Amino acid sequence: MQENYDFKISEQKIQQFWEKNKIYKFDPKSKKPIFSIDTPPPTVSGKMHLGHAFSYAQQDFIVRYYRMQQKNIFYPFGTDDNGLATERLIENLKNVKASQMDRQDFINLCLKTLENVRPKYIEDWKRIGTSCDFSIYYTTIDKHCQKISQKSFIDLYKINREYRKNAPAMWCPECQTGISQQECKDKEIASYFNDIVFKVDNEDLIISTTRPELLPACVAIFYHPSDDRYKKYNGKKAKVPLFNLYVPIMPDTRADPNKGTGIVMCCTFGDQTDMEWQRAYNLPIRNAITKDGKMTSLTGKYEGMSIKQARKEIIEDLKNENLLISQKPITHIVNVHERCGTEIEFVESKQWFIKYLDLKKDMLKWGKKLNWNPKHMFSRYEHWVNGLQWDWLISRQRFFGIPFPVWYCSKCEYIILADEKDLPIDPIKDKPKIKKCPKCGNSEFIPEKDVLDTWTTSSLTPQIAASLFPNLYKKLYPMNLRPQAHDIITFWLFTTVVKSQLHNKINPWQDVMISGFVLDPERKKMSKSKGNVIEPQDITNEYGSDALRFWAAGSKLGEDLPYQEKDLVSGKKMIIKLWNASKFSISHLQDYKGNKPKLEILDLWMLTKLSKLIKNSTNSFNNYDFFKPKTETENFFWHIFCDNYLEIVKDRFYNPNNYNKNAKLSAQYTIYTTLLNILKLVAPIMPFITEEIYQDYFVKYEKQKSIHISEWPNLKIENKKAEKIGDLFIEILTKVRQFKTQKQKSLKEEVILTLDKKQMQILKPVLQDLKAATKAKEIKIGNFNIELCL
RNA sequence: GGGCUCGUGGUCUAGUGGCUAUGACAACACCCUUACACGGUGUAGGUCGCAGGUUCGACUCCUGCCGGGCCCACCA
């Protein structure tokens, strides 16, 4: 073995070794039981971030454990690269704007750019030792995924789980595009609360609003049912100022008596509550704003004005007619488009939905059946389901995504679905098979231009991955495990369960493991805007991938972990210690042939402790706990094996004549067994250094060509008598060390040790070891005592 | 505003209804012991977020509050 371990050289070398020897290759022909993992496909974004490194490392601990448990591991890798995130990446990289390009040109640019970006991105995952079979690969925009996603759409339509209807959708008037909740952000904006006079039977009713331009879209007025000030208006109609409109006044608990004047106008569609009211009371719809942010014809003289202009004009007109009581400046938080900062509007358009609101009870049942790790993560799922208010909106007014396999009759809007065997299709490019509309005979068809929401595709990852092996589909799906972080329980996890149940009436996996988040040293979220982002690439360069993984194993599953650079140090030290201890051990195993002699007492003690460690670690891993075995193994290796056992046993190598003739061989057997098993226990956490040591020595004597496909330790040695002797031995040894330290002497210093009768009786069989370990010149019987030699 | 979760020596972290509360890093002292000074042996450092309650007894259970994280909702 080399003098020093250089992770920069070794980690790269080992990674190549794994790839060349296909260590992580899924074997479709194997008879071993399959363990399948629904790997999260990361969104292609250029670079892996630290949160990725953290959670993928944690998954990998578990996967590596099961691989050593001799499971046939199905661990695919995918990338998520359609939808808004990808559009944005391409727009940034190529400095273009999707909305200002030809649609097909933009799509082509995305596809081409992704081809260039992906390989380097995936490298980051390989670099941290993710043991996926990277040859089982999909991207959520590839033909395979498109086909499955479109088929899913068609199947759900056929079982009456999908419908298309007019619905308000969030819209950015600036970018002229529909947007999703994830694309919104909160922005504090200075505005005015305008107290405006409505008339009820010539009486003034003062209503506060920040959006006077929506007066022409006013359809109702609400007050809180317990609000005595306004009860008298119940059932009456109010006249909307400036516009010759009469709207009903009604009680509803969603009106807040403490806000403004406590009475509120409901418009089409000012905000979320307006939409709820519209649905609840079946109110008319009066659209005041067009998709490009202009006032509609409904607004009379304001038609064609921008929202801001109309607001200004209407305020002026209200003033002129003495209908504006006051303007109070306020700052409030509004939803704006993350990208351009424009305030979001709700605009009506035709949207596709998956009908699932009727399934809440079932959803809870499905969720309960999963084996959640940690358990409490289920409550997030539970609360999400209980709070569901809408069906699943699946259409997106976007460019780069999976197209709906749908055309409409230009006359009667009859829905024409693509043929399953033609999938994937693009309705814009492809034509429907039928020539005439079956309903009205028209022969002109319009393609659906919207694309499917990305979650409708990523909610199919188990099926997508499993169907890469059609012959094994039934063995691969449902899968054993879904690993992911807790932020997308309500998206990815939930939608995957829903789809799997809708299609196959079965849960997509048995187990889920949920990772926590990485925070900055102040426990704050890492974000580019705060400038507190730590790049995993810098960590692997500075400390190595094993140290990064060791750090990721340093908190319980599901817990958030504040990043501290110093936490990488212990991983680095662990690597060095493993190397040095192995180097030392192996140097004394050169003449060892693998025989198992009759074992010495202290060796039985060592192996008894090791057996316990193995048992505990195995139990922990079976329960998705990598933290405990990592900590216990580290402690065992460092203190019990290195500081105590190796120190004790040294003398048998240096002075073999002082011991019986088997003593050295017994130590060799014990060192071989203990070190190998420690390496195996550490292997899931630190795959590189353990492989390097395995390759340097053990591979010659062990069956498997890589430690990562070797068998998980299974040692059952329990010798209570040896354990008792060994424990007392360590107790005495510790006392001697304390004594020497207090006397400011070297640990090499010779002493005279006096044991009491009972101690002597117990330690008699290991007296020579004790003499050597304590550097006792002499061991006597008497009152326990340690003294320096004079 | 709601849900879940976390808050333990300077820093990170383990932990249990009841022995002197775990380990790591940092600090300090001593030791160059033929694997490792990126080491070894020790020492010091905590009213276990705050305020109540349950209990013979709580860091551990309950309630409220404060602070962090994630998700959701609100934003007239």
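Since the model is a prediction, treat every value here as computed from it, not as a measurement.
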For A:D546, does its backbone N or O pair with a side-chain atom of A:E11 as donor and acceptor, under 3.5 Å?
yes
Strictly distance-based, threshold 3.5 Å: is any side-chain N or O of A:K360 a donor or acceptor partner for the main-chain N or O of A:L388?
yes
Interatomic distance at [atom1], [N] relative to [M], whole Å:
N     : M     : atom1 : result
B:C48 : B:G7  : P     : 14 Å
B:G69 : B:G53 : C1'   : 28 Å
B:C59 : B:C25 : C1'   : 23 Å
B:A76 : B:G64 : C1'   : 33 Å
B:U8  : B:C50 : C1'   : 15 Å

Quick one: label [X] by what it contacts on the DNA or RNA (base, sugar-phosphate, nothing), any heavy atom closer than 4.0 Å.
X      : answer
A:L747 : base
A:S587 : nothing
A:T210 : sugar-phosphate
A:C266 : nothing
A:W551 : nothing
A:N386 : nothing
A:K524 : sugar-phosphate

Does NZ or CZ of A:R380 lie under 6.0 Å from the centre of the six-membered ring of A:W372, at an angle within 45° of the ring axis?
no
Decide whether a cation-pi geometry holds between A:K609 and A:F641; the criteria are a distance under 6.0 Å from NZ or CZ to the six-membered ring centre and an angle within 45° of the ring axis.
no
Nucleotide opposite [N] in a Watson-Crick or G-U pair, distances under 3.5 Å:
N     : value
B:C30 : B:G40
B:C25 : B:G10
B:G46 : none
B:C61 : B:G53
B:C4  : B:G69
B:U20 : none

Show your working on side-chain contact (heavy atoms from CB on, under 4.5 Å) between A:I325 and A:V197 and close with a plain yes or no.
CA-CA 7 Å; A:I325 304 281; A:V197 182; 3.6 Å; yes
A:G558 vs A:I263, nearer the 5' end of RNA chain B by closest nucleotide
A:G558
Return whichever of A:K577 or A:N335 has its heavy-atom-nearest nucleotide of RNA chain B closer to the 5' end.
A:K577
Side-chain donor-acceptor contact under 3.5 Å, A:D651 with A:Y659
yes
Can a donor-acceptor pair be found between the side chains of A:N287 and A:T268 at a distance below 3.5 Å?
no
Tell me whether the OP1 or OP2 atom of [N] has a side-chain N or O from [X] closer than 4.0 Å.
X      : N     : answer
A:S746 : B:U33 : no
A:W638 : B:G23 : no
A:H639 : B:A24 : yes
A:K743 : B:C31 : no
A:Y654 : B:A35 : yes

Proximal nucleotide (of [options]) relative to the [X] side chain:
X      : options             : result
A:H486 : B:G40, B:C70, B:C72 : B:C70
A:T273 : B:C4, B:C74, B:U33  : B:C74
A:T741 : B:C75, B:C70, B:U41 : B:U41
A:W384 : B:C4, B:C72, B:A76  : B:C72
A:K573 : B:G68, B:A76, B:G39 : B:G39

[X] [atom1] to [N] [atom2]: how many Å, rounded?
X      : N     : atom1 : atom2 : result
A:R737 : B:C31 : CZ    : C1'   : 12 Å
A:L519 : B:U5  : CG    : C1'   : 12 Å
A:L568 : B:A26 : CG    : P     : 13 Å

Answer yes or no as to whether B:C36 has its base stacked against A:F584, where stacking requires a ring-centre separation under 5.5 angstrom and planes under 30 degrees apart.
no
Out of the candidates A:F61, A:F627, A:F626, only one should pair with A:L557 under the side-chain contact (heavy atoms from CB on, under 4.5 Å) rule; please name it.
A:F626
Can you confirm if the aromatic rings of A:F222 and A:W277 lie within a centre distance of less than 6.0 Å?
yes
Nucleic acid footprint by protein, nucleotides 6-16 of chain B - heavy-atom cut-off 4.0 Å, B for base, S for sugar-phosphate alone:
S----BSSSS-
Start with the C-alpha distance between A:K556 and A:D625, add both sets of side-chain angles, then the distance that settles salt bridge (charged side-chain N to carboxylate O under 4.0 Å, His left out), and finish with yes or no.
CA-CA 7 Å; A:K556 275 189 306 180; A:D625 182 358; over 6 Å; no
